[in-house]
There are 2 protein chains.
Amino acid sequence: MVQSSKKIQVVPEPTIRRMPSYLAFAEGLLRKGQQFVSSTQIANYMNIDPTQVTKDLSYTAIVGKTRVGYEVKALVEVLSEFLGFTVMDNAFLVGAGSLGSALLHDSGLSHFGLNIVAAFDVNSSTIGKKINDIEVFHIDQFRDLSQEMNVIMGIITVPAENAQTVADLMVAWGIKAIWNFTPARIKVPDDIIVQNTTLYSNLAIIFNKLHNDRKETR
Amino acid sequence: MVQSSKKIQVVPEPTIRRMPSYLAFAEGLLRKGQQFVSSTQIANYMNIDPTQVTKDLSYTAIVGKTRVGYEVKALVEVLSEFLGFTVMDNAFLVGAGSLGSALLHDSGLSHFGLNIVAAFDVNSSTIGKKINDIEVFHIDQFRDLSQEMNVIMGIITVPAENAQTVADLMVAWGIKAIWNFTPARIKVPDDIIVQNTTLYSNLAIIFNKLHNDRKETR
DNA sequence: TTTCATTAAAGAAAAATTCCTTTAATGATT
DNA sequence: AATCATTAAAGGAATTTTTCTTTAATGAAA
C-alpha cells in the first residue's frame, strides 16, 4: 500500500507511543548485525500481540517479507523518518529548574530531532549562565526571538501554577507546539499543539498497581 | 503497552493519568480559597467531557453534591490518598546522568510519595559524590541493600542498551516495581511491576501532529 | 520438486474507553 | 411556596484500540 501520495491517515496515538521502542529494538539489532526481524520477534520483545506490530508498522512505508520479516536497516530508517527524528526542530525552554536543566543536558533530545536553542527563567541565580552551552535568559527578554530563530516548540518546566502564564507568552511568541511538563492543563488557541507529559502520572500508575497487587495477592 | 497476560486493574489507566491533573487543579483552587468545584469546571479546565470527570471521580471515595459539586479540600485529600501520594515509598535510581540527576534534584517526587534513597552509576566521575544529598554509589556496591532499606522501586535512567542488565540487577535486589525511562522494553518476572516512561514518545507525538498540520493546510 | 511451517497483511470480532442521554436531586430565583 | 436551572450519577451508545481469524506468500526442508 503506497502511502506517500495518499491522503493523510490519522495514526493512533498508542501506535506512535510504541514506535520509539520498536526503533530502539531495531537499533539494537542493527548494532548486533541482524539483518531481518519478524513481527513475532518484535512482539515478543514488547510483550504485545504480533498483529499489533504489523498493524502499527503498516502506517509506515515499510513492507515486510513473508517468512522473513522486516529488514532491520530499513526499519530503523523508516521509523526514524516517520517519527520525525531525522529533521531538526528548534525549541525554547522555560523554567531552568531541576527538570528543565535536565532536559537541557539531555543529548538524547538532539539525537531525536529536537534542538533547544535557548532557555528562560525568572530566577536571577541561573540567568546569564550557560547550561550545556545553552544560554539562560530572563523571561522578559527576546520577546519575538522565536520567529527570528525559527523556533516552533516551547517546553514548559516551571511550577504548575505558572504554566498558563508561560503558555500565553509562548503563543504570543508565535510558537506552534508546546511540550508541557507540568500537571496543569493549559488553554491555548486551537491551532497550537499541546503535549502534556506529567511524570507524576506515571508514578500514580505504579502506585496503583502496587496497591492492587498488595490487595489481590495472586 | 502495559503488562501482558492477566492484569487486574479496576481503575482504567487513562483515568489514573488524568487524576494528577485534577489534583493540581484542585490544589490551585484550594490556594485561592474556593470551597466547591463542579465537574463542569474541572472538565472545562481539562478540555474533556464533564461526564468523564464524574466517571473518573466515581472510582474514588468522594461524593459530589448536586448543584454544588465536589468539596475542594476533600477532593485534594481523596485524590492524594487515592493516587498513593500520601505514603512514602523508597526507591533506588540507576544511571546518574542528565535525566537521572534531574530526578534526583526533583523535590516534586518526594512531594508525591517517592523517596530516592540512593543512586548508582558506573561512571567514576559521579561515584562518591552527592546529588541533592543523595549519594551516588558504584553499581556493584550494596547488592542487597534494597531489602535492608525497604526499597520497593527501581528507577532506570541508563542508556537503552543497558536497561535489561540493570533491570536484572534490580530484580535480584528484590525490587517490586521498576520505573523505566529508556525506550528499551525490559523482561522481568510477572510479579514485578514495570512502568515505561519514554520522553521521546511524547516528542514523536508532537512531531506527528506538527507534520499532519503542515500537510493538511486545508 | 513437493510439502511444510512461518510470516505479513487484511478484515472481523472483542474489548476498552469516551461520549451522549436520561434521571433525580437540590440550591437559587421568583 | 413554586418554579427553574444546574448538577452528579448511572446506563447505554458510539468510537477507538486491541485481539483474533483467515488468507496468501514463500523460504526451508524433505
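Chain letters run A, B, ... following the sequence lines, proteins first and then strands; every chain starts at 1. Small disclaimer: the values here were computed from a predicted structure and weren't measured.
Among the nucleotides C:dT17, D:dT7, D:dT17, the one closest to any side-chain atom of B:Pro14 is C:dT17. For A:Gln52, whose side chain is taken as the heavy atoms from C-beta onward, the closest listed nucleotide among D:dT7, D:dT18, C:dA8 is D:dT18. Proximity note for B:Thr66 (side chain, C-beta onward) versus C:dT26, C:dG27, D:dT19: the nearest is C:dT26.
Rounded to an integer number of Å, the gap from A:Asp49 CG to C:dA15 P is 14 Å. C:dA16 atom P lies 17 Å from atom CG of B:Asp56, rounded to whole Å. One atom, CZ of A:Phe36, and another, C1' of D:dA28, lie 15 Å apart when rounded to the nearest Å. Between the CG atom of A:Asn47 and the C1' atom of D:dT19 there is a distance of 15 Å, given to the nearest Å. Across the protein-nucleic acid pair, A:Met46 atom CE and D:dT17 atom P stand 16 Å apart, rounded to whole Å. Note: CD1 (B:Ile42) to C1' (D:dA8) measures 11 Å, nearest angstrom. Separating the CD1 atom of B:Ile16 from the P atom of C:dT17 is a distance of 10 Å, rounded to the nearest angstrom. A straight line from CD of B:Glu13 to C1' of D:dT18 spans 14 Å, rounded to a whole angstrom.
The shortest side-chain heavy-atom distance between B:Thr54 and B:Ser58 does not fall under the 4.5 Å cut-off. The side-chain heavy atoms of A:Trp179 and A:Thr197, taken from C-beta on, include a pair separated by under 4.5 Å. With contacts defined as side-chain heavy-atom distances shorter than 4.5 Å, the pair B:Leu75/B:Leu57 qualifies. The side-chain heavy atoms of A:Leu203 and B:Met153, taken from C-beta on, include a pair separated by under 4.5 Å. Counting heavy atoms from C-beta outward, A:Ile152 and A:Asn90 have side chains that stay 4.5 Å or more apart.
For D:dA9, neither phosphate oxygen OP1 nor OP2 lies less than 4.0 angstrom from any side-chain nitrogen or oxygen of B:Tyr59. Taking only side-chain nitrogens and oxygens, A:Arg18 comes nearer than 4.0 Å to OP1 or OP2 of D:dT18. For the OP1/OP2 pair of C:dT7 and a distance below 4.0 Å, the side-chain nitrogens and oxygens of A:Thr40 include at least one atom meeting the criterion.
Within 4.0 Å of A:Thr15, counting heavy atoms only, lies no atom of the nucleic acid at all. Using a 4.0 Å heavy-atom criterion, one finds that B:Ser58 contacts no nucleic acid atom at all. Residue contacts for A:Thr51: at a heavy-atom cut-off of 4.0 Å it reaches a base atom on one of the strands shown. Across all strands, A:Lys55 comes closer than 4.0 Å to base atoms (heavy-atom distances).
Side chain B:Arg67 to base D:dA5: a donor-acceptor pair is found below 3.5 Å.
Two residues, A:Lys65 and B:Ser38, neighbour DNA chain D, and the one matched to the more 5' nucleotide by heavy-atom proximity is B:Ser38.
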